[in-house]
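This report refers to the structure that appears directly beneath it.
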Amino acid sequence: MLSAFRSALATPDLRKKILFTLMIVAVYRLGAVIPAPGVSYNSVQACQAQVEGQSFFTLLNLFSGGALLQLSIFATGIMPYITASIIVQLLTVVIPHFEELKKEGQSGQGKLTQYTRYLTIALAILQATGVIALAERGGMFPNCTESIFPDSSVLTMAITVLTMTAGTAVMMWMGELITERGVGNGMSLLIFLNIAAQIPAEGANILNQNTPLVFGFVCLLALVIIASVVFVEQGQRRIPVQYAKRMVGRRMYGGTSTYLPIKVNQAGVIPVIFGSSLLYLPDLLVNLTGDPQNPSGFTQFIQTYLSDQSSWLHMLLYFALIIFFTYFYITITFNVDDRAEEMKKFGGFIPGIRPGRPTAEYLRFVLSRITLPGSIYLGIVAILPNFFLSLTGEGQNQNFPLGGTAVLIMVGVGLDTVKQIESQLMQRNYEGFLR
Amino acid sequence: MQLFLQILLVVTSVLLIIAVLLHRGRGGGLSSLFGGGMQASLAGSSRAESNLDKVTIGLAAVWLIAIIGLGLLLKL
């Protein structure tokens, strides 16, 4: 393990990549603590001390690495990009033009990415406006009387919105730079960092509120959860594929037997993000429009059943949404008909099954079977933090970095990045991180 | 001074957004975001792209200075 680290740093091009990534990360974390212009740093700090971990923005705040509640220049963070990618992905099903682009390959994909980038900026403006309006009206920090914006003229607000939008653009660029010249996928690495940045504070919180024994127990539990997530994340079914021998000119091709890997959790962490952002919508709506003094029946219903993460309705709904979105996302991303067609084109077949339509049917069957435990696993991991409620104190459920969305993202991104470094390392020597 | 910094901030913000959007998008959206493939970007960056990089970095630096300057000036 240690020698692998040494050889990773001894390889010149890999060392350059790792150092470049670290540099971007340092710049990013620095920007995450610079307050946006027009925001009063002192009152934000005072308000934050008051509400300590009971804001309804927890998930958004987690994704922005605490930058949201700081109202820093990166407050909108990565969320607009995630939302834009999700929207563009979904639109490929709806709009024929997008579907054509997706099938076009490299150049079409590039165009889709470009659309995603434009949409990101539009969404960033929207989200920045929303965040600032909410903070100005006092919805972000309930019961906090300090004025966050000392000068609340329209012009100052507009400048703040513009700055935050530019911040999102810079973040997007930094993510792309990491993808291009660093190690791993930049966007997911930035999300990973945001979540990891919260862990020490959360750990200290638990240690302060409980005895050291409970803290040790939580740490142990976290290790078990991470190990089990890695275990399922790596699990895959290998469908054997036999390729026919072909003569092209004087050379022989094919004749190999390989396999088509189908992961237990093919959808990754996307369903969890979809589900949680959908569940946050009514909450957000009520907070933006509702009157906190005399809440209507609808508001009360949402606050008791949907916003409260320990309520059974919330958990049940979350679980159901995740299972639904797992299937939904897999049908979008893993096209069995295309896969079968591709196999047929290159002279491959699954032993015992005819190429073409029967293969597609078989793949669909296997995929829907294996996705069921995969989706249930996702749902269980995602609602796991709700059972920790009594340990971590009030209102820190999703924020709690050792369960749910956070662990899934961290493990997924971590595995991916290590694998990529590993493959770079393989070019030099065969000793790697993973056995 | 405050007005100057504010105007500078607005101008650099807009230019920065445009500069970032002018870059060719890399990374391929969400499909490779979580546990995705390892796509190698074989196409190296062109001359125009590397010039754009320099412009973006310069803009970002001015943008950051304007923000910090405003913050120090207003002492909120």
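If you're wondering where the values come from, they're calculated on a predicted model, not measured in any experiment. Note on naming: letters A, B, ... go to the chains in the order of the sequence lines (proteins, then strands), and numbering restarts at 1 for each one.
- Top candidate by heavy-atom pairs under 4.5 Å with chain B, chosen from A:V88, A:L112, A:I73, is A:I73.
- Across every non-hydrogen atom of A:A166 and B:I17, the tightest pair is CA-CG1, 3.9 Å.
- Of all heavy-atom pairs between B:V20 and A:A169, the closest is CG1-O, 3.5 Å.
- Both the backbone and the side chain of A:T165 come within contact range of chain B, each with at least one heavy atom under 4.5 Å from a heavy atom of that chain.
- Here the straight-line distance linking atom CG of A:L177 with atom CD1 of B:I57 works out to 7.5 Å at 0.5 Å rounding.
- Of all heavy-atom pairs between B:H23 and A:Q114, the closest is O-NE2, 3.6 Å.
- For chain B, the nearby parts of A:L162 are the backbone and the side chain; heavy atoms of each come within less than 4.5 Å.
- Between atom CG of residue B:L9 and atom CD1 of residue A:I159 there is a gap of 6.5 Å, rounded to the nearest 0.5 Å.
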Criterion side chain to side chain contact (heavy atoms under 4.5 Å, CB included) on B:W63 and A:V170, from CA distance to verdict: CA-CA 10 Å; B:W63 179 70; A:V170 170; 4.1 Å; yes
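- If you measure heavy-atom distances from A:Y115 to chain B, you find no contacts under 4.5 Å at all.
- Residues forming a ring pair (Phe, Tyr, Trp, His ring centres under 6.0 Å) with A:Y377 (at least two apart in sequence, or on another chain): none.
- Of all heavy-atom pairs between B:S13 and A:T163, the closest is OG-CA, 4.1 Å.
- In this structure, the separation between CG on B:L21 and CD1 on A:I121 is 5.0 Å, given to the nearest 0.5 Å.
- Only the side chain of B:L64 comes within contact range of chain A, judged by heavy atoms closer than 4.5 Å.
- Residue B:L15: no heavy atom, backbone or side chain, is found under 4.5 Å from chain A.
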